[in-house]
Amino acid sequence: MNTFSNIPRQTANPSDAGEFGRFNYKFKKQTGGPGQYAHVIGRLEPCEESFIFENRVKGGDIPQHFIPACERGFREAMDKGLLAGYPVTGVKVILEGGSYHEVDSSDRAFQFAARQGFYQGFARANPIIIEPVMRVAVETPSQFFGSIQGDLVSRRGLLLDFETLGNNTAIRAEVPLGEMFRYSTSLHSLTSGQGRFSMEFACYRQVPALVQEQVIQKAAASRQK
C-alpha cells in the first residue's frame, strides 16, 4: 500500500474461491410515492494502490450518468469496512453490470446500492486487518543488549540484525507501530538513560489472527457501551 497511516487498516486477502469478492446487490424500495431502485453487480480484487475503480458496464445496464454515484458509494464504504471500524485500503472495485428503473433510479439509490454491494463483496474477500510496521534502530551500551532485545520481541518485534560499535551495540528491528507506545520511557528505564532510538515507516503487515480477534472483540465491546 502506498499511503502511510498511523492507524491499522483493512484489505482483501487473495483466495481461489469462486465467490471471492463478488457482489450482486439490488436496492428496491416502494413507499407509496416515488420508489427507489438500483442494482449493481461486480467484484473486488486486492491491488497495490489504495483504491481503484474500473467501470466495465456494457449495453446500458446502468446509464453512464449513474456511474459516478456508484463510485462515490464504493469510496464511502471504504471509510469503515467491516472489521473494527478501520478504513479499507488496497482494493480494486470492478463494476460489471446491474439494472435500473426509468422512474425510480437516482444517484442516491445507486450510491446506496454501491455501498451495500461493497460490503457484500468485501465480506467474501477474506478481509484482514493490516497494521503499520516501523523500522526501528536502537543504540545501547552492550551490557543492556539482552534486555533491549527481549523488550523488542515482547512488542512483536522482528529482529533484523545487530552490530557492535565499541562499547555499544546497534540493533535493527521491525516493530508494529501500535506496540511502540511509551517506548522512549521503556528504553530510558532499561538503559539507565543511555539508550537512544529512531524509527521510520517500513510497511503494512497482516495482524496475527489472535491479535485481530482481540481487536475486533474490543471494537464490538466499545460499540455496545
Side-chain angles (χ1 to χ4, degrees), residues 1-17 19-23 44-51 74-93 115-138 146-160 171-191 195 197-225:
M1 316 313 162
N2 61 4
T3 303
F4 169 58
S5 169
N6 63 356
I7 61 173
R9 305 178 82 81
Q10 302 172 62
T11 192
N13 194 21
S15 170
D16 294 328
E19 288 299 307
F20 174 81
R22 297 208 62 84
F23 60 87
L44 310 183
E45 296 179 352
C47 70
E48 292 299 320
E49 303 299 319
S50 177
F51 172 76
F74 294 134
R75 289 183 178 274
E76 285 179 0
M78 291 186 65
D79 287 342
K80 289 188 177 181
L82 297 174
L83 303 180
Y86 292 130
V88 178
T89 191
V91 172
K92 178 179 182 179
V93 180
R115 186 167 64 247
Q116 299 305 311
F118 183 96
Y119 292 144
Q120 185 184 75
F122 195 60
R124 295 172 174 169
N126 302 327
I128 57 173
I129 296 176
I130 55 177
E131 62 184 342
V133 175
M134 309 304 289
R135 188 172 295 109
V136 179
V138 183
S147 298
I148 297 302
Q149 183 182 42
D151 183 62
L152 290 172
V153 170
S154 74
R155 295 171 184 268
R156 295 194 283 124
L158 173 64
L159 300 180
L160 302 177
I171 306 168
R172 284 173 286 276
E174 289 182 349
V175 187
L177 178 59
E179 301 288 346
M180 291 298 291
F181 179 65
R182 296 184 64 84
Y183 183 69
S184 179
T185 300
S186 178
L187 180 64
H188 185 277
S189 176
L190 290 171
T191 64
F197 81 103
S198 63
M199 66 179 183
E200 62 181 7
F201 175 68
C203 62
Y204 277 101
R205 189 169 293 149
Q206 182 176 350
V207 171
L210 178 60
V211 176
Q212 174 166 310
E213 185 60 29
Q214 292 172 343
V215 169
I216 293 173
Q217 290 177 357
K218 183 177 180 180
S222 178
R223 288 194 296 268
Q224 293 174 359
K225 290 182 179 179

> Step by step, would you call Tyr86 with Val215 a side chain to side chain contact (heavy atoms under 4.5 Å, CB included)?
Replying inline: CA-CA 10 Å; Tyr86 292 130; Val215 169; 3.6 Å; yes

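Rounded to the nearest 0.5 angstrom, Ser186 OG and His188 NE2 are separated by 11.5 Å. Between the CG atom in Leu159 and the CG atom in Leu152 there is a gap of 6.0 Å [rounded to 0.5 Å]. The line from CZ of Arg135 to SG of Cys203 is 7.5 Å long, rounded to the nearest 0.5 Å.
Remark: the backbone N or O of Val207 is not paired with any side-chain donor or acceptor of Glu131 at under 3.5 angstrom.
At least one side-chain heavy atom of Ile216 sits less than 4.5 Å from a side-chain heavy atom of Ile129. In this structure, the side chains of Val133 and Leu158 stay at 4.5 Å or more apart for every pair of heavy atoms. Counting only heavy atoms from C-beta outward, the side chains of Phe20 and Pro46 approach each other to under 4.5 Å.
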Pairs of donor and acceptor atoms involving the side chains of residues 174-184, under 3.5 Å and at least two apart or interchain, shall be tabulated with distances.
| from | atom 1 | to | atom 2 | distance (Å) |
| --- | --- | --- | --- | --- |
| Glu174 | OE1 | Arg205 | NH1 | 3.4 |
| Glu174 | OE1 | Arg205 | NH2 | 2.7 |
| Glu179 | OE2 | Arg156 | NE | 3.2 |
| Glu179 | OE2 | Arg156 | NH2 | 3.3 |

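Ring geometry for Phe118 against Phe122 counts as parallel: the plane angle stays under 30°, on a 0 to 90° scale with 60° as the upper cut.
Heavy atoms only, all atoms of each residue included: Pro127 and Ala123 are closest at CD-O, 4.0 Å. Taking each heavy atom of Ile130 and Thr89 in turn, the nearest pair found is CD1-CG2, 3.9 Å.
Residues meeting the side chain to side chain contact (heavy atoms under 4.5 Å, CB included) test with Glu76, sequence neighbours left out: Gln111, Arg115. Shown here are the side-chain hydrogen bond (donor to acceptor under 3.5 Å, both in side chains) partners of Gln206, two or more places apart in sequence or in another chain: there are none.
Applying the side chain to side chain contact (heavy atoms under 4.5 Å, CB included) test between Val138 and each of Asp151, Leu187, Thr191 identifies Leu187 as the sole match. With Phe74 as the partner, the ring pair (Phe, Tyr, Trp, His ring centres under 6.0 Å) test is satisfied by one option alone out of Phe23, Tyr119, Phe51: Phe23.
Between the side chains of Gln120 and Gln116, no donor-acceptor pair of N or O atoms lies under 3.5 Å.
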